[in-house]
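Accompanying notes for the structure given below.
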Amino acid sequence: MSSSSHSTPPASAASITVEVLVFAKLAELLGQTSLRVTLPAPTTVGDVRDAVLASGPGLERLTPALAFAVNRAHTTADAPVVDGDEVALLPPLAGG
Amino acid sequence: MSSSSHSTPPASAASITVEVLVFAKLAELLGQTSLRVTLPAPTTVGDVRDAVLASGPGLERLTPALAFAVNRAHTTADAPVVDGDEVALLPPLAGG
Amino acid sequence: MPCLTSSPLDLDRLVARVVSPERGGVATFTGVVRNHHDGRSVLRLEYSAYDAMAEAECARIVSEAERQWPVRVALEHRTGHLEVGDAAVMIAAAGAHRQEAFDACRYVIEEVKRRVPIWKREHFADGTMSWVDPTARPKAADVAPSDGPVP
Amino acid sequence: MPCLTSSPLDLDRLVARVVSPERGGVATFTGVVRNHHDGRSVLRLEYSAYDAMAEAECARIVSEAERQWPVRVALEHRTGHLEVGDAAVMIAAAGAHRQEAFDACRYVIEEVKRRVPIWKREHFADGTMSWVDPTARPKAADVAPSDGPVP
């Protein structure tokens with residue numbers, strides 16, 4: 001995994017860049033399957049989601065439906081992200 | 001099915017003959033897989049079992065383990081049998 | 001379809017009998033001959049049945065399951081000589097939803113064990129054989145060392 | 001063994017991966033592409049996955065089941081284009097006793113549906129397509145006629 005292990009830097013002293021993967025309907029609406037997002041530290045999965053959904057008109061309506069993974073494991077919107085994390089925004093799963 | 005449908009005759013006025021099927025360990029101990037038993041009317045599945053088990057030494061010890069069928073359907077020791085019934089004495093089942 | 005057969009069982013064939021585009025959830029159960037029983041080494045088994053009643057009872061169990069849940073069920077039980085590793089019984093239940101497929105499949109195997117007149121004789125590695133009695137207490141070898149009073 | 005595959009699934013192959021003479025009870029579940037959804041006619045489906053995470057999550061689910069019950073579990077999920085009637089997911093769980101095989105199998109399919117990042121797009125007979133959202137309320141066609149207040 002690419003998660004860096006340094007301790008949280010002082011707020012506003014650094015920025016955090018993550019790779020964001022999007023899927024299914026969300027990938028279709030965004031016209032891409034991955035993007036790079038940079039936000040001021042500290043930041044959370046929810047902040048990353050908000051930044052991505054702000055990039056297209058009307059995408060905010062997807063907010064309640066999305067689940068999240070960081071570095072290939074499920075997590076929640078309030079989880080912190082660190083520089084280099086792989087963040088995934090997951091529309092409703094439909095496997096099985 | 002071969003079950004006759006006449007009403008129960010007066011006790012001691014008639015005898016009842018049934019075909020008895022035996023299986024597995026019981027067939028082995030009896031040295032046969034079917035036998036014919038005639039008993040005074042009225043009679044029950046339990047009476048048929050007792051008659052069969054009395055035909056060999058030490059067979060009574062099987063009594064608690066046996067289940068019963070009349071005309072290919074499960075039944076209990078107190079069920080009546082009528083002339084022509086097919087009575088089966090079933091050692092512990094082991095299918096599946 | 002008869003339930004008893006002396007030929008090897010085939011899971012794909014059984015599933016094909018019940019699945020359809022309307023019944024997309026398929027649960028199956030397979031019971032395979034084990035190589036041990038009561039701590040003794042089993043070489044092979046011999047299944048015998050009260051054939052006519054076994055067929056009738058299997059048919060009744062399948063209809064009960066199909067009445068109780070919206071499923072199609074297939075059931076086969078092998079008879080005759082089986083080797084360790086051979087399948088003795090197979091059940092497939094297909095429904096629109098997995099819950100009912102699982103519930104029906106489980107119902108059928110429980111009822112088969114409880115009601116279908118089939119017996120098996122185990123042939124052991126030491127040359128002896130015995131009729132299997134699932135109601136019997138385990139042999140001493142399988143029982144915990146202390147049979148004394150529990151404190 | 002990888003969980004995701006673009007090749008047709010095979011129940012016998014999956015069962016062979018888990019069964020043994022010590023694990024004589026084998027429960028399986030197969031999920032087959034249905035021909036309807038929300039009352040609309042489905043022609044085929046397209047499954048896509050977050051591959052790396054899906055593999056990791058499947059492996060986690062299988063280990064959880066194998067830790068929770070004394071069983072061996074195999075799990076495969078198909079991706080890419082599937083036709084109606086094709087199997088999309090298959091699970092096999094083998095144990096010494098049927099109860100644990102059924103319980104483990106059921107656990108795995110529930111967790112797969114809940115946790116594995118896989119999506120499907122349905123292609124309908126009318127030429128349209130849509131991403132399946134199992135959390136969405138059924139379309140009007142599937143809802144009972146009265147949406148008004150219940151007396």
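Letters go in sequence order (proteins before strands), and every chain restarts at 1. Heavy atoms only: backbone and side chains are in, while hydrogens, waters and symmetry mates are out.
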#### Entry: Shortest non-hydrogen contact between D:F102 and C:T28, atoms and distance
CE2-O, 4.4 Å

### Task
Select one option (side chain, backbone, both, neither) describing which atoms of D:A96 are under 4.5 Å from chain C's heavy atoms.
both

### Query
Tell me, side chain or backbone of D:V15 under 4.5 Å from chain C's heavy atoms, or both, or neither?
side chain

### Summary
In terms of heavy-atom pairs under 4.5 Å with chain D, the winner among C:G24, C:A27, C:A101 is C:G24

### Message
side-chain contact (heavy atoms from CB on, under 4.5 Å) for C:V26 and D:M90? Distances and angles first, verdict last.
### Response
CA-CA 9 Å; C:V26 189; D:M90 279 186 185; over 6 Å; no

#### Entry: Carboxylate-amine/guanidinium contact C:R13 D:D12, below 4.0 Å
no

## Note on the structure
For C:E22 and D:R34, the nearest pair of non-hydrogen atoms, with its separation, is O-CD, 4.3 Å

### Task
For each of D:V32, D:V19, D:V33, D:V84, tally heavy-atom pairs with chain C at distances under 4.5 Å, and name the one with the top tally.
D:V32

### Task
With a 4.5 Å cut-off on heavy-atom pairs, point out which of C:R98, C:Q99, C:R23 contacts chain D the most.
C:R98

